[in-house]
Amino acid sequence: MSQSTVPCYTIINSTDLEVPNEMQLKQDLEKGDTNVKIETLKKVIQLLLNGERLSGLIMTIIRFVLPVQNHAIKKLLLVFWEIVPKTSPDGKLLQEMILVCDAYRKDLQHPNEFLRGSTLRFLCKLKEPELLEPLMPSIRACLEHRHSYVRRNAVLAIFTIYKNFDWLVPDGPELIANFLDTQQDMSCKRNAFLMLLHADQERALNYLASCIDQVNNFGDILQLVIVELIYKVCHANPAERSRFIRCIYNLLNSSSNAVRYEAAGTLITLSSAPTAIKAAAGCYIELIVTESDNNVKLIVLDRLIAMKENENIEKVMQDLVMDILRVLAAPDIEVRRKTLNLAMDLVSSRNISEMVLVLKKEVSKTHNVAHEDTGKYRQLLVRTLHSCSIKFPDVAGNVIPVLVEFLSDTNELAAADVLIFIREAIQKFPSLRNLIIGHLIEAFSQIKSSKIHRAAVWILGEYVNDKNQVLEVIEVIIQTLGEVPMVEAEQRRLAGDQTEEEMMNHRNNNSQPSQTNTNNSKVTSDGTYATQSAFSLAPISKKEKRPPLREYLMAGDFFIGAALSATLTKLALRYADLEDDAKAQNRLTTRVMLIMSSILHLGRSGFTNKPITNDDTDRIFICLRTLSERTKDVVQVFERYCREALGKMLDAQYEEDQRVFREKQKATAKVQPDDPVVFAQLSNGRENQLGENVFESSLNQALAGTKSNNLSDVSSPNNKLNKVTQLTGFSDPVYAEAYVNVNQYDIVLDVLIVNQTNDTLQNCTLELATLGDLKLVERPQSVVLAPHDFCNIKANVKVSSTENGIIFGNIVYDTSINTNVVVLNTTHIDIMDYIIPASCTDTEFRQMWQDFEWENKVTVNTTFTDLHEYLKHLLKSTNMKCLTPEKALSGQCGFMAANMYAKSIFGENALANLSIEKPIDDPDSKVTGHIRIRAKSQGMALSLGDKMSSSQKLAVQAS
C-alpha cells in the first residue's frame, strides 16, 4: 500500500500512567465478564491507535470476544477490526482473518437490523478483496431487507466495493438501477442514485428523465444529488442543457434551503441569460431573508458579491437593488454592512430614489432603539446616504434634511460622518448651500458634542454669504454661548444672583399664574400641625444648566473657543464686504471682538476646570488683531485660502479613490495578446450555451504554470523557493528540508526526507513540536526508506493567533544495528503570512489608537538616507498600508510622520505611527526616529516590532 493511501487516525491521550502489558490484556479478555471485556477492548483500541503492535491478541479476541452477542462489544469490534493490521510483514493476509470473515457473514444475516447496518458500514472501510469476496452474497441479500437502514447501507457497501474492486460486483450498476426503480425510501434512493452518478451516468440520466416531473416531490438529499448530476452532465455535454435546465428552475422552489442554494449556483454556471441570472439572484436573496443563521447569510451574500464582479451579471442585478435591501432587516451588523456596500455598487439612476426612501425608513427605525450595534448601523446608513448624494447629486436635496437630524445624535461617529458629508456637499454643490446652511442653523443648538460643534462652526463661517444669514448665525452662536461677558455672568452665578438668562426664564415662568407659600404646614406624629419657615431650610445645590458652548469652555475645551473666534472673524469680514453702513459694520465687529475677549478673560479667570492653552490664546489674539488692523494678506487667508485648502483636500481624496479604482480595473487584463481567437461562425454552438467556456478555462489553467520567471520574481519574498527551510546538514545521514505553506488557519509543512546512506531505514519518523500559539494536528506516519531513497511527509499545524511561532523536532529511524536521531533546525513561522494591508478612516484610527493598550516602540536604526525610501521599505517588509495621503508626504522638509494600518486574517488590527527625521543640510546623514506600534494583543505588538527590527538589520547588512 502506498504512503498516500494509508488512513490517518486520531491520537488519543491516555490518562493512565501505567501502560497495561499484553499478558494482563489477554487474561482480562479470556476470563473477565462482559464489562471487563468492554473496558479491556477499549484499552486495546487505544493502544493500537497510539502505534502499539499487539499481534498476539488477535486470536484471543477471535476466541473469547467475537462470539459474545453484546451490542457494545459488537460496536467496539467493528472499530478494532478496522484499525488492526490485517496483513503480515510480507503483505499476505493473516490466516486468522478468515475466521473474522465468517463471523461477519453471520452478522450480515443477524435478525437485528442495527447490527446488519453497522456491519455493512464497516465493510465500506475494508481494503482487502480477499475478505470481501466471501461476503458478496450476503451483501446482495441485504438489498432486499425489510428495513431501510439495512438497504441504504447495503447500497453504500456495493458502491464502495464497486469503486475499489469492480470485479467483485461486475453487474453493480445494473443491480442498483433495478433496486432504484423499486424503492420508495428517499435515503435508499439517494444512495442508489449517487452510485449511478459516479459509476454509470447514462443509467442515472435515464432514471432522471423518466421521473423529471416528480423531482419537486423528492427528498432534499436526493435533490442535491440530482443537481450535482445535472451540473456534471451539462458541463461534459452542453447539448444536454436544454433537456435539464427546466429541472434546475423547478428546484429553485424546493423546500430545502441547501437544494435552492446549489440549484442557483448551478443555474448561473449553465446559463448567462438574464432570466436565469434574475432567478438565481432572487433565490439567493430569498435565502438570506428567510435563513436565521448569520453565517449562512454571510456566505450567500459573498456569493452575490462574487456574481457582481461579472460585468454581464452586474447589469442584470442592477434591477434587484430593492430586493437586496430587504436583507437590512437582519440584526447582524456585518450582514448589513455587506448589504449596503453591494447595493451601493449596483444602484443606478433608475432606482436611486427608491433606495434613498428605503434608507430613510431605516434611519427612522433606529430612533429610540437600545441595541449595542445601533450606533454602528446609523453610521453605516449615514455613509451610504453620503455616497448616494455624491454619486447622484439629484437626490442630495432629499438626503440633507434626514442627515442633519443626526447632528444631535449621541453617537459622535455618526454625527462626524454627517458633517464630513455636509462639508463635501456644500463645496461641490453650490446650488444646495442655502438649503444646507438653513438646516445647519436650525440644528446648531441641538448638537451635543464639542467636536461636532467645532466643525459646524467652521462650515457656517466659511459658506455664509448673505448679510442676513451672517446676523442669524451670530445670533445662534450667542444663544448657544450664553451671556457675555462670561466672567461677570459666572461671578453672579457663584454669588447666587440671577443672570440675565435666569431672569428671562423667571419672567417667562411668571407670565403663567402660580401661587407659592413661604410657610409649609405639616402634621406631626401626635396629630397636631407644625409650621416650618422657608428661611430654616438649607439651600439645595443643584447643577447649573449652561448653554452648550459655555459648557465646553467651562470644562476647559478652549479649542472650540479658538475655532469660534476664527469663524466670527470670517463673518465680521464678510459682513463688512456686504454691508455699506459703517455703523452697522462697527457694531457687529465690536460685538464679535467682545465675545473673543470674553473667551480670553474666561480662560485666565480660574473659573474653568483647565486654563486656556498658549496656542488657543495666540490664535484668538490673531483674530482680534486681524479685525482691528485689517491687513490685506491676513484677510486673504481668512476669506480665500481656507476654502481653497478644503477644495485641494477633497480633490486629493477623489484622486486617491480613482487611483485605487483604476488599480482594481488593471488587476486583470480583459484580453491577453496570445489569447486564441474564437470565430462564432465556426463554432458548434456548445460554448455559448454555458455560463463559461469550459475548454478555455481548463486551457488557461493548464497554461498558468508556463509563465516565465524573471529574476525579480525569484528574489521576491513571496516566491515559493524563499519559503523552503533546510532542516539538516548535507553531511547528515538523513537530509531534510521543508516547504512552509501557510493557509488561513493552518500551516502545512511539506518535508522532503532523503536517505543518504547505503542502509534501509526502518520506522523513519518525523517528530515535531511547536512553540507559541501553534498546535500540531496529527503525528506524521512512519515510513521505510530504501538506500538513497526519498519521500515527502506532510504535517499540519493549527494556528490560533497572529504571533511568531517556532517549529522544531527531530527525525528518528532504526537501522539493523541501533536507533538513531537527527536533530532538525528550527523553522520560524513569519507573522507576515497572516497580515494583509487594510484601510480605515482617520477617526477609526484614532479611536483604535486610544482603545488598544499594548504598545511597542521600535527605534529606527538604518542606513537609509532618504525618508521616502525608508517608508517604502517599511511598508514592503511589514505588509502594512500607509494611511497618510501621498500629497501630505511629498516634498523634503527634514522630517516625516505617517500612520500605517494592517489587519490579520484572524480579524486583529495593527496600528503603527512612524516619526523619522534627518538634517536637510547633510544629504549623507542617516534616517533617525522611532516607530510606535499599537495592537489589542501583546503578541501582535511584539511580533510586529520584531519584524520591523529584523527588516532594518537586513537592510543594514545588504548595504
Side-chain angles (χ1 to χ4, degrees), residues 249 252-253 257 260-261 263-265 267-268 271-292 294 296-367 369 373-374 376-403 405-406 421:
Y249 271 106
L252 291 178
N253 300 318
N257 288 344
R260 296 169 67 192
Y261 178 78
L267 183 59
I268 295 170
S271 175
S272 58
T275 53
I277 294 170
K278 278 188 177 180
C283 180
Y284 282 142
I285 295 169
E286 197 64 32
L287 281 175
I288 301 172
V289 173
T290 56
E291 183 61 45
S292 59
N294 284 330
V296 175
K297 290 178 184 288
L298 291 171
I299 290 170
V300 183
L301 263 175
D302 288 338
R303 184 68 180 155
L304 281 173
I305 293 169
M307 286 174 61
K308 186 240 337 164
E309 299 300 325
N310 187 311
E311 291 182 2
N312 297 326
I313 295 179
E314 183 180 7
K315 293 177 183 177
V316 179
M317 290 180 66
Q318 287 178 352
D319 297 331
L320 300 173
V321 170
M322 301 311 297
D323 293 326
I324 292 172
L325 290 176
R326 291 167 54 203
V327 182
L328 292 177
D332 186 68
I333 189 67
E334 192 62 31
V335 173
R336 287 172 163 175
R337 179 182 287 110
K338 287 192 174 186
T339 303
L340 289 173
N341 291 337
L342 177 61
M344 197 62 231
D345 290 338
L346 293 175
V347 71
S348 63
S349 56
R350 299 192 304 273
N351 46 26
I352 181 62
S353 301
E354 298 174 0
M355 178 174 171
V356 169
L357 288 175
V358 173
L359 295 178
K360 283 183 178 180
K361 291 179 181 178
E362 289 296 318
V363 169
S364 62
K365 289 179 185 177
T366 59
H367 289 297
V369 176
D373 287 333
T374 301
K376 294 179 181 178
Y377 183 43
R378 289 167 72 86
Q379 191 177 0
L380 284 176
L381 291 172
V382 168
R383 291 183 179 179
T384 307
L385 287 169
H386 176 185
S387 302
C388 289
S389 302
I390 300 302
K391 194 174 180 180
F392 303 97
D394 295 339
V395 300
N398 297 326
V399 170
I400 287 168
V402 180
L403 290 184
E405 295 178 5
F406 279 91
F421 159 67

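When side chains are defined from C-beta on, I313 counts as touching I268, because their heavy atoms get closer than 4.5 Å. In this structure, the side chains of R326 and E286 come closer than 4.5 Å at one or more pairs of heavy atoms. Under the 4.5 Å side-chain criterion, counting only non-hydrogen atoms from C-beta, L325 is in contact with M355. Inter-residue side-chain proximity for D323 and V289 is flagged as unmet; no heavy-atom pair is nearer than 4.5 Å.
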* Using the side chain to side chain contact (heavy atoms under 4.5 Å, CB included) rule, take Y261 and V296 through it: C-alpha gap first, then chi angles, then the decisive distance, then the call. => CA-CA 10 Å; Y261 178 78; V296 175; over 6 Å; no

* To do: Please report the C-alpha distance between L320 and L346 in whole Å, then the side-chain angles of each, then the deciding distance to 0.1 Å, and finally whether the side chain to side chain contact (heavy atoms under 4.5 Å, CB included) criterion is met.
  => CA-CA 8 Å; L320 300 173; L346 293 175; over 6 Å; no

* **Stepwise side chain to side chain contact (heavy atoms under 4.5 Å, CB included) check, V347 with F392** => CA-CA 10 Å; V347 71; F392 303 97; 3.7 Å; yes

* Report the C-alpha separation of N341 and M344 in whole Å, then their side-chain angles, then the decisive distance to 0.1 Å, and conclude whether the side chain to side chain contact (heavy atoms under 4.5 Å, CB included) test is met. => CA-CA 5 Å; N341 291 337; M344 197 62 231; 5.7 Å; no

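With rounding to the nearest 0.5 angstrom, the NZ atom of K338 is 10.0 Å from the CG atom of D332. With rounding to the nearest 0.5 angstrom, the OG1 atom of T290 is 5.5 Å from the CZ atom of R260. Between atom CG of residue L357 and atom NZ of residue K361 there is a gap of 7.0 Å, rounded to the nearest 0.5 Å. To the nearest 0.5 Å, the span separating NZ on K391 from CD1 on I352 amounts to 8.0 Å. Atom CG of L267 sits about 9.0 Å away from atom CD1 of I277, to the nearest 0.5 Å. Between the CG atom in N351 and the CD atom in Q318 there is a gap of 7.5 Å [rounded to 0.5 Å].
When the options V399, N398, L403 are evaluated for a side-chain contact (heavy atoms from CB on, under 4.5 Å) with K360, the one that passes is N398.
Smallest separation of non-hydrogen atoms from A281 and M307: CB-CE, 4.1 Å. Taking all atoms of both residues into account, the shortest heavy-atom contact from R350 to D319 is NH2-OD1, 2.9 Å. Taking each heavy atom of F421 and S389 in turn, the nearest pair found is CE1-CB, 3.4 Å. Of all non-hydrogen atoms in A279 and Y249, the two that sit nearest each other are CB-CE2, 3.9 Å. The two residues L340 and Y377 make their nearest non-hydrogen contact at CD1-CE1, 4.5 Å. Scanning both residues, R378 and V363, for their nearest heavy atoms gives NH1-O, 4.1 Å.
Atom NZ of K308 has more than 12 neighbouring heavy atoms from other residues, nucleotides or ligands inside a 6.0 Å radius.
Using modelled atom types, one side-chain atom of K297 and one backbone atom of E291 make a donor-acceptor pair closer than 3.5 Å.
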